[in-house]
Amino acid sequence: MKLAEIAAPDFDLEKTLNSGQVFHWEKIGNGFGGAIGDRAVCVEQRGDDLFTRNDSAELVRNYFALDHPLAEICASFPNDALMQKARDYCRGLRIIRQPRWECLATFICSSMKQVAHIRQISHALRRRFGRPRKIDNSELYSFPSAQRLAESSEKELRECALGYRAKNLLATARLVRANEADPEAWAALSDVELRTRLCALPGVGAKVANCVMLFAYERLRAFPIDVWIERVLRESYFPRARKLNAMRLRTFTQEHFGEHGGYAQQYLFHHARMNKRIDGGRRAVGAKKNGTRPAFVPQSRDFGAASAACPSKMTKARA
DNA sequence: CTCCAGGGATGAT
DNA sequence: ATCATCCATGGA
């Protein structure tokens, strides 16, 4: 099979795959191997070009969102000091288009886990329940369908190191199998409606819902707030705030980061994680704060924008 | 509003 | 080899 050469300016494959949005790609030779949906794919970047097998070219172009106008997106970020640093550091990082069920299931498994561990869970689920796909000399696995996972048991899922998440993943898979939840059909919903549906699933709260919206539904405003982002936001934008509840933080992010807030979030997240030891992560927080000027001091404005909160869990679906 | 289960990787000693 | 730390959701 011949290799296709895909023009990929403004793209950094490694940063994109290692930024905590997707967890199953492995380094193979000079490139990366992984499943895109049901297909096994190898991709290698050389300069501004990607190389992959001819019959995967369109799939790769779409998956890695090479059509996103990255220059415009970055230009839409606020111009505060922190955001500029993150933007420089993350040049070429793109928010990719992941399969909906795969992304939802993976982020249900991600709760209270660090990136390294989420990778292990993703691989364990694939090896046990997915379909093997050979490519070159590697054996890769597709992510198991909701139907397949719905047939499994909580015990089997726990054997994939899911811990208490097994119950939630199983319950959600069964809702999808029973057609009480339809992640594909939800692509047509508004942001607010989509978030409501996602949050009604067991194991899905505001953070996971926003991840899934961003990484699988191309809702580029969705702004997941995890502990890293919250720390960064507090330190940079609310250095003196005594109490700062989740609602106020959400309202601020929607207002400050705007229509591509999800991209901004991913850049801030990746920058913070990669620089945790250099410019002082949590260890240095209380230690020394010399000369750290807030990147942006919010005015006392009324952020009236719609919040990205989860609806009440009263409406949580039963499995 | 607060408190806490949960469990395996990771980094520090 | 041990020990502290990291973490989202959901329920008390």
Side-chain angles (χ1 to χ4, degrees), chain A residues 18-24 26 103-128 154-175 181 195-216 222-235 241-251 253 262 265-266 268-270 272-287 307-319:
Chain A
N18 290 330
S19 64
Q21 57 177 317
V22 66
F23 303 96
H24 69 284
E26 328 170 25
C103 183
L104 170 61
T106 303
F107 276 91
I108 286 174
C109 299
S110 79
S111 86
M112 289 286 288
K113 287 290 176 198
Q114 283 149 310
V115 170
H117 201 177
I118 304 168
R119 297 182 71 91
Q120 295 200 350
I121 292 174
S122 174
H123 283 128
L125 288 174
R126 286 164 188 275
R127 272 195 302 274
R128 180 140 187 180
E154 183 178 333
K155 177 173 173 294
E156 284 179 296
L157 293 178
R158 281 182 173 270
E159 285 164 8
C160 296
L162 268 74
Y164 64 88
R165 297 156 201 82
K167 202 181 177 71
N168 292 331
L169 181 58
L170 186 57
T172 294
R174 289 182 174 167
L175 284 171
R195 184 175 289 111
T196 302
R197 302 297 187 105
L198 288 170
C199 285
L201 298 171
V204 180
K207 192 269 182 182
V208 169
N210 279 316
C211 285
V212 176
M213 290 175 69
L214 181 57
F215 302 135
F223 197 106
I225 300 178
D226 73 332
V227 293
W228 285 93
I229 287 296
E230 179 164 349
R231 188 179 302 134
V232 163
L233 294 177
R234 281 176 181 277
E235 286 175 9
R242 283 191 60 255
K243 52 177 184 163
L244 183 62
N245 61 23
M247 177 61 183
R248 184 160 168 228
L249 207 51
R250 275 196 299 270
T251 315
T253 59
Q265 177 276 154
Q266 197 64 16
L268 293 173
F269 177 81
H270 189 58
R273 272 183 16 97
M274 293 300 115
N275 292 285
K276 60 179 169 176
R277 324 200 56 195
I278 300 164
D279 70 357
R282 62 187 191 285
R283 286 248 166 276
V285 165
S307 90
C310 257
S312 154
K313 293 295 178 185
M314 302 289 285
T315 61
K316 207 66 153 174
R318 284 160 301 140

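The chains referred to below are lettered A, B, ... by the order of the sequence lines, with proteins before strands, and numbering in each begins at 1. Keep in mind that the numbers below use all heavy atoms, side chains included, and drop hydrogens, waters and symmetry copies. Note that the structure is a prediction, hence the values are computed from the model and not measured.
The interatomic distance linking Lys167(A) (NZ) with dG11(C) (P) rounds to 10 Å, in whole Å. Atom P of nucleotide dA9(B) and atom NE2 of His123(A) are separated by 15 Å, given to the nearest angstrom. In this structure, OH of Tyr164(A) is placed 12 Å from P of dG8(B), rounded to the nearest angstrom. Atom CZ of Arg273(A) is separated from atom P of dG11(B) by 11 Å (rounded to the nearest Å). Counting to the nearest Å, the P atom of dC6(C) and the NZ atom of Lys207(A) are 16 Å from each other. Here the P atom of nucleotide dC1(B) and the CE atom of Met247(A) are 12 Å apart, to the nearest Å. Straight-line distance from the CD atom of Gln114(A) to the P atom of dG7(B): 16 Å, rounded to whole Å. Rounded to an integer number of Å, the gap from CD1 of Ile118(A) to P of dC7(C) is 10 Å.
Nucleic acid contact class of Asn168(A) (heavy atoms, under 4.0 Å, all strands): none. Using a 4.0 Å heavy-atom cutoff across all strands shown, Arg119(A) reaches no nucleic acid atom at all.
An OP1 or OP2 oxygen of dC7(C) is reached within less than 4.0 angstrom by a side-chain nitrogen or oxygen of Arg231(A). Look at Trp228(A) and you won't find any side-chain N or O under 4.0 angstrom from OP1 or OP2 of dC6(C). Using a 4.0 Å cut-off, some side-chain N or O of Gln120(A) falls inside it from OP1 or OP2 of dA9(B).
If you take CD on Glu154(A) and CZ on Arg165(A), they are separated by 12.5 Å, rounding to the nearest 0.5 Å. Residue Thr106(A) holds its OG1 atom at 14.5 Å from NZ of Lys113(A), rounded to the nearest 0.5 Å. Here the CG-CD1 distance, from Asn168(A) to Ile108(A), works out to 7.0 Å after rounding to the nearest 0.5 Å. Rounding to the nearest 0.5 Å places CZ of Phe215(A) at 10.0 Å from CG of Asn210(A). Annotation: the span from Thr253(A) atom OG1 to Gln265(A) atom CD amounts to 9.5 Å, rounded to 0.5 Å.
Aromatic rings from Phe269(A) and Phe223(A) are positioned such that their centres are separated by 6.0 Å or more.
Taking the side chain as every heavy atom from C-beta outward, Cys109(A) and Leu125(A) approach each other to under 4.5 Å.
A heavy atom lying under 4.0 Å from DNA chain B marks the following residues of residues 103-113 of chain A, by number: Met112(A), Lys113(A).
Of the candidates dC1(B), dC7(C), dT10(B), dT10(B) carries the atom nearest the Ala116(A) side chain, counting heavy atoms from C-beta on.
Checking dG11(C) for Watson-Crick or G-U wobble geometry (two distances, each under 3.5 Å) identifies dC3(B) as its partner.
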